[in-house]
Amino acid sequence: MDLSKLNDKQKEAVKHIDGPLLILAGAGSGKTRVLTNRVAYLINEVGINPRNVLAITFTNKAATEMKERIFSIIGDTALQVQISTFHSFGYRIVRENYHLLGLDKNFTILDESDSVIIIKKILKDINLDPKQYNPKAIKSAISGAKNVLMNAEEYSRFSNTPWDEIVIKVYRIYEETLKKSNAVDFDDLLMLPIHLFKRNSEVLEKYQERYKYILIDEYQDTNEAQYKLTKMIGAKYRNVCVVGDGDQSIYSFRGANYNNILNFEKDYNNAKVILLEENYRSTKTILNAANEVIKKNKIRKDKNLWTSNEEGSKIKYYRAYDEKDEAHYVTSNIKQLHSEGIPYEEMAVLYRTNAQSRVLEEHFMLENIPYKVVGAYAFYNRKEIKDLIAYLKLIYNDKDDVNLIRCINVPKRGIGAKTTDKLQMKADVEKVSIYEVIDGGKELIFKNLIEDFKQKASESSLTELVEYVINKSGMKQELLNEKSIEANIRLENLDEFKSIAMAFEEHNGVVSLEEFLMQISLVSNSDDTKDEREKVSLMTMHAAKGLEFDVVFAVGLEEGIMPHTGFDASKSDIEEERRLFYVTITRAKKHLFLVNARMRLLFGDRSIREESSFIKEIEEEHIEFQNKKREEISTINKEDKFYTEDVDFNQGDIIVHDDFGEGVIINVEKSIITVSFAYPHLVKKLLKKHKSIKKKQVI
DNA sequence: CGGCAATGTGTTTTT
DNA sequence: CACATTGCCG
């Protein structure tokens, strides 16, 4: 195997075979290269069975990338290596041992909102006001407990506040409900395997024998459950290799504990430790700035990340007038850089909160720049998609009461709240699922429909089933009858979902409903199936972890946003925010832009924004200040005045749509106009008086 | 039951 | 601001 492209430290890590190994890999130090080469080396050079190798990554995206890279080194053999996220891996264990966990074979995974709905219902049942006791807060308390592997009993042992009492009470009923629904939640995918291993050493041993070589990426972001799972499976052979960087720990809000990486040497004595400190990614300027920033953190292990790359251009800092000016600054620089030959896919705009993407998107559309919003799982959160998934989940597991309630009246069948309440009560009394107690009325027609779907599921392909459900449920007809643009968009989304199913089927051969449901529960973005090249990436700073781009725009660098301080400033963790800022700037290879706004529309009103204290932590010698052209700012502000509420549309008029940007009217009929938008939206039919449309006046 | 209007409420990051 | 929920009426 050719290891000539690796430096000495990297080679050492790749060639380490048996025993615990800790790789402390600074940003851009080539850890993915090390991990992929190490897997390849173990298999090709050492002769280890690929089935005995387990590689865990943090995101599905990283897992896919790792598979591809190992495939490119060793070919088909790579397919036998188990590469997945912790949650997918946990799912696998639960599925292989469902009978030992009190589940039926066809258990389903509830998503976050399903869980919250269940908790709301529990609160009502025990006569507590969901307004006083926030269901989401209770969900996250339960989640937190599960992540430290506490069940309700254990939780109750060291808690005493009235709030805890309520959480415990809800937690107990919540667990009963899950069991009754033959369902698990996200946290169970980690917790259940651990409980199983504790109880049943034979099963544990089976997995220890199976996964003799374990590699964990992003180890600084593992939580207690993930840590424990790794430790248990690795306990027998101790061939545990973890890679991480304490400075890039950014998920403590989700229970991640970067002490896990600091304590690795204590947990695994005689662990080999390798430091990767040469950065291959960024220019000297960018890396120096990053080092200056992260040095401000008090709780950290100092290290010396260096690069032999060139000095590079200075970091550009622009303090915009407002959020629109900020977006405009970003798009105009992107246009400029693109004209200089930098491809769009080598540029990214990173922001702290998802809400910031909207204004940016509007400007990208206005300026005709192709872009994609990465990691936006908004698609699966759309009503019509959730309804359709509810059908699929119910077909697969008819004990899933939440999803039954969700779709029983979609489309409207005259089964309202009264009926479902009655069914729910009956089911509660008889201690069975709602599905089971249905024995008459309009509900029975629905039940028969689901039975028909089950039949269809057993005899046709996944795509055929999806198509069948969309049609036969009546969802399609209801939307067709509506004849509004919203309904049209929904129809398109249902079609899009069908394409996702089809792509999945084509990609993996014949696919079961089970696998498909697992996939859409565990994988947030569907974008992997589509061709996403030649587009600028828009994403949160968190989502950017592990990625790199020639050009990075870090936007919204204002106190309160980045560093983010919620309603309770004392609760926010400035050091974690700083690590996030560090992760952000180290994504950039060649050009880094820091941007913020003096004024921003936030939570409904305009507020004056102070610049982020993090910017001041970078030495001025690395920064080129961009504020010169005030006249540019004033033209931007005038833009608002171009738009009016006029609905007297004529062919040839230019309108602006909130989502699709500027377009030309090519046809007018009654209340509908046909508009040609720029790529990627093209021609759309719209309702004249829709609130998202404004006419552009010629002044 | 379903549709609409008024009112209220929460706003970080994600597998 | 965007949404979810509530209350009222046909």
Side-chain angles (χ1 to χ4, degrees), chain A residues 56-63 84-91 109 111-113 116-117 120 124 129-132 134-137 140 143 146-147 185-191 218 221-223 225-226 249-256 323 350-359 374-378 380-381 383 408-421 442 478 482 518-525 539-545 556 560-569 571-573 576-577 579-581 583-584 600-607 658 691-692:
Chain A
I56 301 277
T57 59
F58 195 70
T59 62
N60 291 292
K61 194 172 186 168
S84 54
T85 62
F86 265 111
H87 290 267
S88 311
F89 178 61
Y91 171 77
I109 305 166
D111 69 26
E112 198 72 19
S113 61
V116 173
I117 291 170
K120 244 186 233 170
K124 273 184 205 153
D129 185 3
K131 274 174 195 155
Q132 209 176 337
N134 182 297
K136 271 189 196 159
S140 80
S143 206
K146 286 189 173 189
N147 280 329
D185 69 15
F186 243 76
D187 306 307
D188 287 337
L189 296 176
L190 301 173
M191 192 178 75
E218 308 281 11
D221 280 322
T222 49
N223 64 28
Q226 294 163 336
S249 168
I250 54 175
Y251 281 98
S252 71
F253 70 91
R254 209 173 75 190
E323 75 278 0
L350 310 182
Y351 38 81
R352 179 63 231 264
T353 67
N354 281 307
Q356 289 167 254
S357 73
R358 231 194 62 205
V359 182
V374 179
Y377 55 119
Y380 288 109
N381 275 332
K383 185 190 177 297
I408 195 167
N409 204 27
V410 180
K412 308 266 178 310
R413 300 190 172 91
I415 308 174
K418 232 180 192 155
T419 314
T420 51
D421 281 354
K442 297 171 192 156
E478 187 185 49
E482 214 186 294
M518 186 274 283
Q519 184 78 5
I520 55 181
S521 303
L522 260 31
V523 181
S524 50
N525 56 337
M539 68 185 104
T540 64
M541 294 169 172
H542 282 86
K545 187 163 87 151
I561 295 179
M562 182 76 228
H564 196 274
T565 45
F567 44 94
D568 183 5
K571 219 186 87 204
S572 77
D573 181 349
E576 174 141 321
E577 292 295 310
R579 288 193 292 271
L580 182 58
F581 187 55
V583 167
T584 304
R600 184 182 293 276
L601 204 57
L602 207 62
F603 310 140
D605 45 17
R606 284 214 165 269
S607 53
D658 282 356
K691 61 174 168 23
S692 52

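Chain A is the first sequence line, chain B the second, and so forth, proteins listed ahead of strands; every chain is numbered from 1.
Rounded to a whole Å, the CE atom of Met518(A) is 13 Å from the C1' atom of dT15(B). dT11(B) atom P lies 17 Å from atom CD of Gln356(A), rounded to whole Å. Atom CG of Asn381(A) is separated from atom C1' of dC3(C) by 13 Å (rounded to the nearest Å). For the pair His87(A) NE2 and dT14(B) P, the computed distance is 13 Å after rounding to whole Å. Between Lys545(A) atom NZ and dT12(B) atom C1' the separation is 16 Å, expressed in whole Å. Distance Gln226(A) CD to dT15(B) C1': 8 Å, rounded to the nearest Å. Note: CG (Asp188(A)) to P (dT15(B)) measures 18 Å, nearest angstrom. Leu350(A) places its CG atom 14 Å from the P atom of dT13(B), with the value rounded to the nearest Å.
Phe86(A) comes within contact range of no nucleotide atom at all, as no heavy-atom separation falls under 4.0 Å. Residue contacts shown for Asn409(A) are limited to sugar-phosphate atoms, with no base heavy atom under 4.0 Å away.
Stacking between Phe58(A) and the base of dT15(B) is absent under the criterion of ring centres within 5.5 Å and planes under 30 degrees. With centres under 5.5 Å and a plane angle under 30°, the ring of His564(A) is stacked against the base of dT12(B).
Taking only side-chain nitrogens and oxygens, Ser88(A) never comes nearer than 4.0 Å to OP1 or OP2 of dT15(B). The phosphate of dC1(B) (OP1 or OP2) has a side-chain N or O of Thr419(A) nearer than 4.0 angstrom. Of the side-chain N and O atoms in Lys120(A), one or more sit less than 4.0 angstrom from OP1 or OP2 of dT5(C). Look at Arg358(A) and you'll find a side-chain N or O under 4.0 angstrom from OP1 or OP2 of dA2(C). Side-chain nitrogen and oxygen atoms of Asn354(A) include at least one within less than 4.0 Å of the OP1 or OP2 phosphate oxygen of dT14(B). Within the 4.0 Å cut-off from OP1 or OP2 of dT11(B), at least one side-chain nitrogen or oxygen of Lys136(A) is found.
The two residues Ser84(A) and Phe89(A) come nearest to each other via the heavy atoms OG-CB, 3.6 Å. Here the shortest heavy-atom pairing between Lys136(A) and Val116(A) reads CG-CG2, 4.2 Å. When all heavy atoms of Tyr91(A) and Ile109(A) are compared, the closest pair comes out as CD1-CD1, 3.7 Å.
Both Leu580(A) and Asn134(A) sit near DNA chain B, but only Asn134(A) has its closest nucleotide nearer the 5' end. Of the two residues contacting DNA chain B, namely Lys418(A) and His542(A), the nearest-nucleotide position lying further toward the 5' end is that of Lys418(A).
Aromatic pair Phe253(A)/His542(A): ring centres closer than 6.0 Å.
By the 4.5 Å heavy-atom criterion applied to side chains, Lys146(A) and Asp185(A) are counted as neighbours.
Electrostatic pairing of Arg413(A) and Glu478(A) does not count as a salt bridge here, judged by no charged N lying under 4.0 Å from a carboxylate O.
Spacing between dT13(B) and dA4(C) at atom P, rounded to whole Å, works out to 16 Å.
The side chain of Leu601(A) approaches dC1(C) more closely than any other nucleotide in the set dT14(B), dC1(C), dT15(B).
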